[in-house]
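Notes to accompany the following structure.
Scope of the values below: all heavy atoms of this structure, side chains included, with no hydrogens, waters or symmetry mates.
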Amino acid sequence: MKKINTLRATVMAAVLATGSTAWATDGYFPHGFGMKSKGMGGASVAVTDNAFAGINNPAASVWAGNRADLGVDMFMPKRSAARSAPGFGGILEGDVKSEGSAFAVPEFAYNIKIDDRMSWGVTVYGNGGMNTEYQGGNVMCMNPSNGQPYRGNLLCGQGKLGVDLMQLIIAPTLAYKLDAQHSVGASPLLVVQQFSATGLDAFAGFSMAPDKVSNTGTDRSTGMGVRLGYLGQLSDTLKFGATYSPKIKMGKFNEYAGLFAGAGTFDIPENYTLGINVQVTPAVSVAADYSRINYSGVTSIGNPMSNLMAGNPMGSPNGPGFGWSDVSVIKLGVQWQATPTMVLRAGYNQSTNPVKPENVTFNILAPGVIKQHYTVGGTYALDKDSEFTWAYMYAPKNSVTGPSMYNGMMPGASGITETIRMSQQSLGVQYSWKF
């Protein structure tokens, strides 16, 4: 009973803590889940040495044993945006940095065997998020109706400019061994997300619901999905894994019905992963994953900015979105049992960029342009029942430059360009215990 109460308290603490703001790297999905995966560039779908099966691969749960993993990642992003408007005498020009430089992102996983062929567990994690907060009053804007200048933020609204999206997912997991080499698993995904936006009041005139575009506080929505998984031991040295999660239909952000296409819809995109894990030597294994995240299937994320110019107001069924393309991700990782008590890891993660130059203006709010991640990590066994794991990630700065939408909005405007930039680091630790 004491163990059950301790587990319940730990899960509740993780649920509450994971509600903190998170930023992500493969678009707005994190590059990995669990510190062991993060140390290997996110490669995880055919790896079984942790309890994060609810997100990495539900079928792996039955191989992971009785264990719990509790970790926190200190995420350190740098986001900035700039606009060049030659010939306007400094009007509309600016170069701003987003506030906030270090954020704690916790995660928790628990797994237990029911019998020799079945297991259950639960994973609590932040799927990702988008956050920016730029100071206001640092850009000289122009009122298009009377030509009078005024001071505003980079998108010519009042006050601070930014968005804050957070997604919390609780994933119970059930896995079953088909035989001695193959297993399947399923994880219902219970999702709560919240969103707020500030400083977008300049776009109210382009919306079907002008009072539901900006500064309406924090709104929440819920939804439910599923992740399915398979894991096979194809030979003594080769494992193959696969996972699939269809698009999750979320409730609407009613307080932002004039901002997101479809009167406030913001679903979670379909995604899948295929991966292998090869035991090269008794001490060295190599893992490789391919993931696909279909952002274009969510109207509020995938609809291009040009839909606004085509006569579709913000918030309408075919209104503008961030214009994100689908993302393909390659994850490579190596693990070395350096000593009986120490494992070392390294990895590389590369994704395509979802942000195209023609959609750069709206993505000042969500500069998810990271393409490369370099990772290292390790685990030290404290004793036979507990271990300490760490992981570090560095994502070098990437930028996208493209034509500003102000070229079509301001009288006589042409040649205006905008640039968005991002770089990231993270350092995480995790304590695990077996029972």
Using the six-membered ring wherever Trp is involved, compare the ring planes of Trp324 and Tyr295 and label them parallel, tilted or perpendicular (cut-offs 30° and 60°).
perpendicular
Donor-acceptor under 3.5 Å (Asp73 side chain, Val429 main chain):
no
Using side-chain contact (heavy atoms from CB on, under 4.5 Å), reason through Gln424 and Met393 one step at a time and then give a plain yes or no.
CA-CA 8 Å; Gln424 300 170 345; Met393 180 273 290; 3.9 Å; yes
Answer yes or no: is there a side-chain heavy-atom contact under 4.5 Å between Glu387 and Arg67?
yes
Would you indicate whether the side-chain heavy atoms of Val96 and Gln135 approach each other to under 4.5 Å?
no
Specify the closest pair of heavy atoms between Val139 and Gly94, including all atoms of both residues, with the distance to one decimal.
CG2-CA, 4.2 Å
Verify, without hydrogens or angle tests, whether Asn277 (side chain) and Ser285 (backbone) share a donor-acceptor contact under 3.5 angstrom.
no
Shortest non-hydrogen pair, Val355 vs Val400, comes out as O-CG2, 4.0 Å
Compute the ring centroids of Tyr110 and Trp433, then answer whether they are less than 6.0 Å apart.
no
Could you tell me if the side chain of Leu234 sits less than 4.5 Å from the side chain of His182, heavy atoms only?
yes
Using side-chain heavy atoms (C-beta onward) and a distance below 4.5 Å, is Lys36 in contact with Val47?
no
Quick check: does any side chain N or O of Asn307 sit under 3.5 Å from a backbone N or O of Asn318, one acting as donor and the other as acceptor?
yes
In terms of ring plane angle, is the pair Phe253 and Phe266 parallel, tilted or perpendicular, where the classes change at 30° and 60°?
tilted
Between Ser44 (side chain only) and Ser37 (backbone N and O only), is there a donor and an acceptor less than 3.5 Å apart?
no
What closest approach, in Å, do Gly54 and Ala171 show between heavy atoms, and which atom pair accounts for it?
O-CB, 4.0 Å
Would you please name every residue forming a side-chain contact (heavy atoms from CB on, under 4.5 Å) with Ser61, sequence neighbours left out?
Ala53, Asn111, Ser119, Thr173, Ala175
Student check: side-chain heavy atoms of Phe195 and Met166 closer than 4.5 Å:
no
Minimum heavy-atom distance Val343-Gln335, with the two atoms named:
CG1-CG, 3.3 Å
Run the side-chain contact (heavy atoms from CB on, under 4.5 Å) test on Arg83 and Ile416 for me, step by step, so that the C-alpha distance in whole Å, both residues' side-chain angles and the decisive distance to 0.1 Å come before the verdict.
CA-CA 7 Å; Arg83 181 183 297 117; Ile416 302 176; 3.7 Å; yes
Tyr125/Phe33 under ring-ring contact (aromatic ring centres under 6.0 Å, His included): CA gap, chis, key distance, verdict
CA-CA 8 Å; Tyr125 62 97; Phe33 296 92; 5.1 Å; yes
Quick one: sort the Tyr272 and Tyr290 rings into parallel, tilted or perpendicular, breaks at 30° and 60°.
tilted
How close do Leu178 and Arg117 get, heavy atom to heavy atom, and via which atoms?
O-NH2, 2.5 Å
Tyr394 and Tyr374 aromatic ring geometry - parallel, tilted or perpendicular at 30°/60° bounds:
parallel
Smallest heavy-atom separation, Asp326 atom then Gly297 atom, equals OD1-N, 4.5 Å
Indicate, with yes or no, if the rings of Phe388 and Trp390 have centres closer together than 6.0 Å.
no
Answer yes if the ring centres of Phe322 and Phe362 are under 6.0 angstrom apart, and no otherwise.
no
Can you tell me if Asn294 uses its side chain to pair, donor with acceptor, with the backbone of Ser296 under 3.5 Å?
no
